[in-house]
Student: 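Next up is a structure, given as structure tokens.
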Amino acid sequence: MTGPGESTTGAATTGPGAPSATQAASAATAGDVVAALKARLPEVLALPRFAAGAEALTRLADPRHREAGAAACTDGEAARLAEVLAARWAALVAATGGTTGD
């Protein structure tokens with residue numbers, strides 16, 4: 001059970017060292033994209049040629065890794081990262097005839 005200022009990952013959510021709202025939003029966007037990739041492409045990610053990418057996605061699926069990566073960015077960098085991830089994901093989904101919500 002977590003208390004105020006604690007996350008389920010053990011990272012501080014308030015106070016010094018806690019991610020800003022922008023950094024947290026960037027981590028959440030990355031998490032959404034990773035979850036969608038893993039759900040849509042499990043057979044592709046299982047291929048040996050994508051092993052390194054699959055391992056990276058597994059690490060990125062862990063909220064601690066996403067939060068740490070986003071916290072290492074400035075707010076401007078985190079906002080831009082979230083923007084680029086969302087835009088590129090939307091373009092990829094559009095190019096393959098899907099929707100971002102499925």
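Residues: numbered from 1 along the sequence shown.
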Student: Provide the closest heavy-atom pair for Thr22 versus Asp75 in the form atom of the first, atom of the second, distance.
Tutor: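 Thr22 and Asp75 have their closest heavy atoms at CG2-O, 3.2 Å.
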Student: Do Trp89 and Leu37 have side chains that get closer than 4.5 Å, going by heavy atoms?
Tutor: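 The answer is yes; the side chains approach within 4.5 Å.
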Student: Considering all heavy atoms of both residues, which atom of Ala78 and which atom of Cys73 are nearest to each other, and what is their separation?
Tutor: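 For Ala78 versus Cys73, the nearest heavy atoms are N-CB, 3.8 Å.
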Student: Is it possible for you to say whether Leu57 and Leu47 belong to one hydrophobic cluster, with membership spreading through side-chain heavy-atom contacts below 4.5 Å?
Tutor: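 Same cluster.
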Student: Measure across Lys38 and Leu45 and return the closest heavy-atom pair with its distance rounded to 0.1 Å.
Tutor: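 So the two residues come closest at CA-CD1, 4.0 Å.
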Student: Output yes when a side-chain donor or acceptor of Arg66 lies under 3.5 Å from a complementary backbone atom of Ala61, and no otherwise.
Tutor: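 It does hold such a pair.
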Student: What's the shortest heavy-atom distance between Ser26 and Leu81, and which atoms?
Tutor: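 Looking at all heavy atoms of both residues, the closest pair is OG-CD2, 3.6 Å.
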Student: Do the non-hydrogen side-chain atoms of Glu83 and Thr29 ever get within less than 4.5 Å of each other?
Tutor: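 Not in contact.
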Student: Are Thr74 and Gln23 packed together at the side-chain level, in the sense that at least one heavy-atom pair is separated by less than 4.5 angstrom?
Tutor: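 A side-chain contact under 4.5 Å is absent here.
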Student: Linking I/L/V/M/F/W/Y whenever their side-chain heavy atoms sit closer than 4.5 Å, directly or via other members, would Leu92 and Val84 fall into one cluster?
Tutor: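 They do not share one cluster, since no chain of ILVMFWY contacts under 4.5 Å joins Leu92 to Val84.
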